[in-house]
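Each remark here refers to the structure printed beneath this line.
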Amino acid sequence: MFKEAALAALRQALGEDADAVGDLAAQLTPPPKIEMGDLAFPCFPLAKIRRAAPPKIAAELAAAIAEAGTAGGPIAEVKALGPYVNFFADPAAMLDGLHMSLADGSFFEGCKSDTSTRVMIEFSQPNTHKVFHVGHLRNVAVGDALVRVFRARGHDVVAANYYGDFGIDVAKCLWWLNSHAQEEPPTDGRTAWLGKAYTAATLHVAAAEAAGKEQGDAIKAEIRAVLTAMEEGEPEITALYQKTRQWCLDEFAGIYDWLDVRFDHEFFESQLEEAGNKVVDDYVAKGVFVESQGAIISDLEEDGCGVALVRKSDGSSLYMTWDLALARAKFDEFDVQTSMYVVGSEQTLHFKQLFATLGKMGYARAKDCRHVSYELVMLPEGKMSSRKGTAIPFHLLRTHVLDAIRAKMAAAGSEVDDEAASKIAIACLKYGMLHVGNTRSVIFDIDEWTNPEGDTGAYLLYSLARIAGIQRKAGDGVDVASPVPADSGFGGEAERALLTHLTAYPSVLARVERTCDPSGLAGYVFEGAKRFSRFYQECPVVKAEPALKHARLKLAASAQRIFTEALGLLGIDAVEVM
RNA sequence: GCGCCCAUAGCUCAAUGGAUAGAGUACCGGCCUCCGAAGCCGGUGAUCGGGGUUCGAAUCCCUGUGGGCGUACCA
């Protein structure tokens, strides 16, 4: 409403120059500091057109707008600050407008994209029979946040998981279990226990290979035989496979449940073998795939991404084979327009090859496939290594984080129940994973992430708990739906800084959609919490004069609504008391 | 070798090509008679080097250096 008014006034003042400037709305942005106003327009591009210095043009425009008159509207003041034309909103009108749009739902409706598409977001992709560790958590946090943001933007989202529950690595684990005396697995952390068996098997193979080609080949043949037995349904191996696979799936389900992450559809590698082989056969027949060095490849040299192997020379399928079948299912059975893959950056080439291959296969929507890539999770002491055992399995991680939260809460003299402790722990974990941009590696540091002071999930929840505290103590008997009374005195810097920030929310969601990077939203919530804290410090609500109390309560309520929503999109649940 | 990504304060991170590069942490100094001090306010402290494009560059281009990842029978 304010921005529309500012745009209209600007357009009028520009006259015929308006078209020459380009997208006015895009150029009219919040200035770096609140004392500079709520929106600002840079006059540099006009310098050539009007053949005058930018500050002079800014002054002329500001004068023209002031002359045309803005009295009574949402614009309180317009003035030139150097080469910029700065617009100041009327704070009470802006607050009334914001609150009303929140009440009637138009605020969040206005967060939606102009067009709605059907999009599948595939993420998590855990491997059974391997450790599920902190690194995997980043994927879950990013993927889940994107699912929620895309839904908030009005898209028809299918959240998909894709389990790596088949193949030579699984066989390797089972081979180890079969060929080595094992203790009974623990009830908690059975996936990690299987992961250890997998690691032991890998080390064993490496040692055998180092000892000589014959020893290495012999062991690999044994593992290969296990895979064949799995494929052919040999009873004993199948029973072991089914049992251990289910352990892992159950544990994954428990993790997702704890994290409040839901999937609409689950794919399994074990179910793609046949379809994958058929895809390869089909497109060999069509001449899209060709034989090379005994294997079947998709030749992508002219696309600049080498060759992609789609069938090994021994006839077995691999990652790419299954991904082709999976992509086909996504297009044909789920009819998705856009297909997103949340996968680590180390697989960038794989996805370039996959998308290029899909294009060659004739799928026009290959161009709407997107690899959402993110960097690794590191530990303060360096790279995580499952070999060195520094990769923390999830079941231990959860315990460690909960312990850290409880210890710090106790130290701060605060008592929380298990549910609140869980919520805080999850907030710390997810915020820790999400506040860093996708292109940068995350350093996982339990102590820092659970720090009650500073840039953490706990700080965000604390801020929201304080807003809730205001509502409890001052909320009764005030009808915040009515307009802010005249001469309330509302509109100090801390108040306007918070208010302006709240109105920027829709543009943040649009940016997250565009970049597929939730860190912008995490940063938004943190900045909002900072601004709220300053408001909280400087602006008493309960003790304020009635008119001012009314306005401040209204602001607090609006902040609570928007921050709760924003946190929700990050997969973080607020707590009333902490 | 080739390709992709990264380099900002002691440390961890921000900054749709726009105004004096912002936060957190750490360190120093203030603020609880007042809605929750897990907070607020102030101070110290930074764009890896060299070119270029632009009215304007942390951001775009070239180049050097230092890291990470990938580079057909792993996923």
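Proteins get letters first, then strands, A, B, ... in listed order; numbering begins at 1 in each. These numbers were taken from a predicted model, which means no experiment stands behind them.
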### Query
Between A:Trp176 and A:Tyr198, does the ring centroid distance fall short of 6.0 Å?
no
### Query
Tell me: CG of A:Leu460 to P of B:A23, nearest whole Å?
17 Å
### Task
Say whether A:Lys360 and A:Ser298, considering side chains only, have a donor N or O and an acceptor N or O under 3.5 Å apart.
no
### Task
Would you confirm whether the ring centroid of A:Tyr319 sits within less than 6.0 angstrom of the ring centroid of A:His350?
yes
### Query
Atom CD of A:Gln353 to atom C1' of B:G3: distance rounded to whole Å?
12 Å
### Lys/Arg N to Asp/Glu carboxylate O, A:Lys408 vs A:Asp447, below 4.0 Å
yes
### Query
When the distance from CD of A:Glu448 to P of B:U12 is rounded to whole Å, what number comes out?
9 Å
### Query
Can you tell me how far C1' in B:U12 sits from the matching atom in B:G52, rounded to whole Å?
33 Å
### Query
Looking across every strand, which nucleic acid part, if any, lies under 4.0 Å from A:Cys539 by heavy atom: base, sugar-phosphate, or nothing?
base
### Message
Side chains of A:Ser533 and A:Tyr459 only: does a donor on one sit below 3.5 Å from an acceptor on the other?
### Response
yes
### Query
Touch check for A:Ala544, heavy atoms < 4.0 angstrom, all strands: base, sugar-phosphate only, or nothing?
nothing
## Note on the structure
To the nearest angstrom, the CG-C1' distance between A:Leu464 and B:C35 comes to 16 Å
### Ring-ring centroid check A:Tyr505 A:Tyr524, cutoff 6.0 Å
yes
### Summary
Quick tally for nucleotides 36-44 of chain B: nucleotides whose base has a protein heavy atom under 4.0 Å get B, sugar-phosphate-only ones S, the rest -, giving BSBBSS---
### Query
For residues A:Asp165 and A:Ser270, is any side-chain donor paired with an opposing acceptor at under 3.5 Å?
yes
### Message
Work out how far the C1' atom of B:C13 is from that of B:A72, and round it to whole angstrom.
### Response
38 Å
### Task
Report which part of the nucleic acid A:Val541 touches: base, sugar-phosphate, or nothing (heavy-atom distance under 4.0 Å, all strands).
base
### Task
Indicate whether any N or O donor in one side chain lies under 3.5 Å from an N or O acceptor in the other, for A:Asp455 and A:Tyr431.
yes
### Query
Between B:A14, B:A19, B:C34, which one does the side chain of A:Arg440 approach most closely?
B:A14
### Query
Around A:Glu576, counting heavy atoms of other residues, nucleotides and ligands shown, do more than 12 lie under 6.0 Å from its CD?
no
### Close approaches to RNA chain B from residues 27-35 of chain A, in residue order (heavy atom, under 4.0 Å)
A:Thr29, A:Pro31, A:Pro32
### Message
Nearest whole Å is fine: how far is B:U25 C1' from A:His435 NE2?
### Response
11 Å
### Message
Whole angstroms only, please: what is the CG-P distance between A:Asn86 and B:U20?
### Response
13 Å
### Message
Taking any heavy-atom pair under 4.0 Å as a contact, classify A:Ala40: base, sugar-phosphate, or nothing.
### Response
base
### Summary
5' to 3', nucleotides 70-75 of chain B under a 4.0 Å protein heavy-atom cut-off (B base, S sugar-phosphate only, - none) gives S-BBSB
### Message
Tell me if B:C41 is syn or anti. Syn = glycosidic torsion within 90° of 0, anti otherwise.
### Response
anti
### Query
How many Å lie between CG on A:Leu521 and P on B:A14, as a whole number?
14 Å
### Query
Quantified in whole Å, what is the P atom distance between nucleotide B:U54 and nucleotide B:C61?
16 Å
